[in-house]
Every structure is written in structure tokens, then in C-alpha cells.
**Q** 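The structure's right below; bear with me while I get my questions together.
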Amino acid sequence: MISYIRGELAAIEEQKAVIDVGGIGYGVYMPQQAMSLLPEIGSTVKLHTYLNVKEDAMQLFGFLTRDDLEIFKLVIGVSGIGPKGGLNILSSMSPDELRFAIMSGDAKAISAAPGIGKKTAEKLIVELRDKVDIEDMLEHAAHGDDDRAAAVSADSDMQAEAVQALVALGYGSAESMRAVKKTSPECATVEDILKEALKHLF
């Protein structure tokens, strides 16, 4: 299995980046959101990859972080969702947005991805709800992959509670998370976070 690929970004095509490694161009399928973050052509890039082997093809799927790759593997582990469906979902929403949609039961947000119906989205939520954790995600967002094993801070607890409160008020899971992420680290209480987050939502 190819765990990652590092080389020169040779070209960007529809849903695919071409990485030159030792004179061989590897076509790597990527979510649109991730492709928009790629550096200029000619730059060196490293992509965490998943190799999908079919009877008539071998396809590489690439992600900018291990975290993105892991959520992709969780998604395609749901029966009825293949690599193409997983790519469509992660092109429509970021991994963090997908986690919030799963935790809040937001099937509408997930089914907005091409080829993903409401029943499939609901099935994904049921199967993955116990496999994602809001505090862990917020901790990761604040500190990066190397701190995934760190204890969840009080700040993360408050952020998680604030997001859940916004969702309860009727806001979407993805927009609630984005608003909470924008709040000042000086917010001392959940109420402070909510007040500031609401300003970003209006």
C-alpha cells in the first residue's frame, strides 16, 4: 500500500493532481477543497494516500493531512459509499464540517454532495456517530496532528458546548463550527463564546 507520495506538483486537472516522482507522473484524485490549497505548479508537495484497487483500475486518492485521510477511510467504510462518493462528500465539506454534520445528525448537509442521497447520508451518520468526537476534533483544530493524544482542554469543552448550543438554536453544524473557531481565545465562558460566535453568524 502507498502511504504517501512526495514530489513535484506537475499539473492540476479536474479532481486530480499530477505529482512527478523521479520522472513518473502519478495522478492523485483529491477533494476540491484540498486541491484549492495546493501550492504553485512546480512546488514540492506531500500527499497522504489511499490506493483503491479494482478489477480494471488502480486509483490513488490523496489528502493534505493524515486526519483528512482517516476521515475518508471512515466514510468509505460505510457500505454503499465508495471512494468516489467519499471524494464527493469531502469536496462538498471539510473533514471538520463532516464530523459536525455526523454528530448533529445533519443528513441534509451530507446529502448535498453529488451522488449521496438522504438515506445514504442517514446511514453514514448512524454508522460513524460513535467514531467521531467533538472535543478531539476541536483539540486537533487548535493544536494540529501531533497533539491528537493530548488531554482535552477546558477551552475545547467550552467550544464544543457552544457549537452544540448553536446547533440547538437552529444553525447548521458546519457554520456553527466556523463561527466558534473565529472567536477570541480570551472568551472566558460559553456565554462569551456564544455572543461572539453569533456576531459572525449575522
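Since the structure is predicted, the reported quantities are computational estimates derived from the model, not experimental observations.
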**Q** What's the spacing between Leu74 CG and Leu69 CG if we round to 0.5 Å?
**A**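 Leu74 atom CG to Leu69 atom CG measures 10.0 Å (nearest 0.5 Å).
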**Q** Show your reasoning for whether salt bridge (Lys or Arg N to Asp or Glu O under 4.0 Å) applies to Glu70 and Lys73.
**A** CA-CA 5 Å; Glu70 290 307 313; Lys73 288 163 69 174; 3.6 Å; yes
**Q** Before giving the answer on salt bridge (Lys or Arg N to Asp or Glu O under 4.0 Å), spell out for Asp192 and Lys195 the whole-Å C-alpha distance, their side-chain angles and the decisive distance to 0.1 Å.
**A** CA-CA 5 Å; Asp192 290 341; Lys195 287 177 183 178; 5.1 Å; no
**Q** Output, in order, the C-alpha distance, side-chain angles, deciding distance and verdict of side-chain contact (heavy atoms from CB on, under 4.5 Å) for Gln15 and Gln32.
**A** CA-CA 6 Å; Gln15 279 200 325; Gln32 291 297 328; 3.3 Å; yes
**Q** At what distance, to the nearest 0.5 angstrom, does OH of Tyr29 lie from CG of Leu87?
**A**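 Atom-to-atom, Tyr29:OH and Leu87:CG are 9.5 Å apart.
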**Q** Taking all heavy atoms of Ala188 and all of Met158, pick out the closest pair and write down the distance.
**A**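 So the minimum-distance heavy-atom pair works out to O-SD, 3.5 Å.
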**Q** Quick one: do Val78 and Met103 end up in the same hydrophobic cluster if we chain Ile, Leu, Val, Met, Phe, Trp and Tyr together by side-chain heavy atoms under 4.5 Å apart?
**A**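 In one cluster with Val78: Met103, yes.
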**Q** Check whether any side-chain heavy atom of Met30 lies under 4.5 Å from a side-chain heavy atom of Leu64, and answer yes or no.
**A**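 In short, these two side chains touch, coming nearer than 4.5 Å.
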**Q** So which heavy atom on Glu122 is nearest to which on Ala107, and how close?
**A**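 So the two residues come closest at CG-CB, 3.8 Å.
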**Q** Got a second to check how far Leu9's CG is from Leu47's CG, nearest 0.5 Å?
**A**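 CG of Leu47 is found 8.5 Å from CG of Leu9.
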**Q** Would you say Val21 and Val28 are hydrophobically clustered, going by side-chain heavy atoms of ILVMFWY under 4.5 Å?
**A**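 Same cluster.
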**Q** Determine whether Leu51 and Met58 make a side-chain contact, defined as any pair of heavy atoms from C-beta on separated by less than 4.5 Å.
**A**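 The answer is yes; the side chains approach within 4.5 Å.
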**Q** Yes or no on side-chain contact (heavy atoms from CB on, under 4.5 Å) for Lys181 and Asp96, after CA distance, side-chain angles and deciding distance?
**A** CA-CA 11 Å; Lys181 278 188 173 182; Asp96 283 350; 2.9 Å; yes
**Q** Looking only at heavy atoms, which two atoms of Pro39 and Val45 are closest? And how far apart?
**A**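 For Pro39 and Val45, the tightest heavy-atom pair comes out as CG-CG1, 3.4 Å.
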**Q** Out of curiosity, Lys123 NZ to Ile110 CD1, how far, rounded to the nearest 0.5 Å?
**A**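 Going from NZ on Lys123 over to CD1 on Ile110, the span is 14.0 Å.
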**Q** Carefully, step by step, assess Asp68 and His48 under the rule side-chain contact (heavy atoms from CB on, under 4.5 Å).
**A** CA-CA 9 Å; Asp68 293 358; His48 299 270; over 6 Å; no
**Q** Do Ile2 and Ile76 land in one hydrophobic cluster if side-chain heavy atoms of ILVMFWY residues count as linked below 4.5 Å?
**A**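 No, no single cluster joins them.
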**Q** Does Val18 share a hydrophobic cluster with Leu37, counting links as ILVMFWY side-chain heavy atoms below 4.5 Å and allowing steps through other members?
**A**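 Val18 does not cluster with Leu37.
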**Q** Working to the nearest 0.5 angstrom, can you tell me the gap between His200 NE2 and Ser176 OG?
**A**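 One gets 13.0 Å once the value is rounded to the nearest 0.5 Å.
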**Q** Are the side chain of Glu196 and the backbone N or O of Ser184 linked by a donor-acceptor pair below 3.5 Å?
**A**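 Side chain of Glu196 to backbone of Ser184, a donor-acceptor pair under 3.5 Å: yes, one is there.
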**Q** Working to the nearest 0.5 angstrom, can you tell me the gap between Thr49 OG1 and Tyr26 OH?
**A**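 Here the interatomic distance stands at 10.5 Å.
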**Q** Evaluate the side-chain contact (heavy atoms from CB on, under 4.5 Å) criterion for residues Ile89 and Leu124: first the C-alpha distance (whole Å), next the side-chain angles of each, then the deciding distance (0.1 Å), finally the verdict.
**A** CA-CA 11 Å; Ile89 291 173; Leu124 184 148; 3.9 Å; yes
**Q** Are Phe100 and Ile125 connected in the hydrophobic side-chain network, where two residues link if heavy atoms are under 4.5 Å apart?
**A**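 Phe100 clusters together with Ile125.
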**Q** Can you name the closest pair of heavy atoms from Pro95 and Asp67 and give their distance?
**A**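 Taking every non-hydrogen atom into account, CB-OD2, 4.4 Å.
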**Q** Looking at Lys46, I want to see if its NZ is surrounded by more than 12 non-hydrogen atoms of other residues, nucleotides or ligands under 6.0 Å.
**A**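 Yes, the 6.0 Å shell around NZ holds more than 12 heavy atoms from other groups.
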**Q** Would you say Ser111's side chain and Lys118's backbone share a donor-acceptor pair under 3.5 angstrom?
**A**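 Checking the backbone N and O of Lys118 against the side chain of Ser111, no donor-acceptor pair under 3.5 Å is found.
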**Q** Determine whether more than 12 heavy atoms belonging to other residues, nucleotides or ligands lie under 6.0 Å from atom CD of Glu13.
**A**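 Yes, because the 6.0 Å sphere around CD of Glu13 holds more than 12 heavy atoms from other groups.
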**Q** What's the shortest heavy-atom distance between Leu194 and Ala165, and which atoms?
**A**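 Taking every non-hydrogen atom into account, CD2-CB, 4.0 Å.
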**Q** Can you name the closest pair of heavy atoms from Pro114 and Ser92 and give their distance?
**A**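 For Pro114 and Ser92, the tightest heavy-atom pair comes out as CD-OG, 3.7 Å.
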**Q** How are the rings of Phe61 and Tyr50 set to each other: parallel, tilted or perpendicular (split at 30° and 60°)?
**A**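 Correct class here is tilted.
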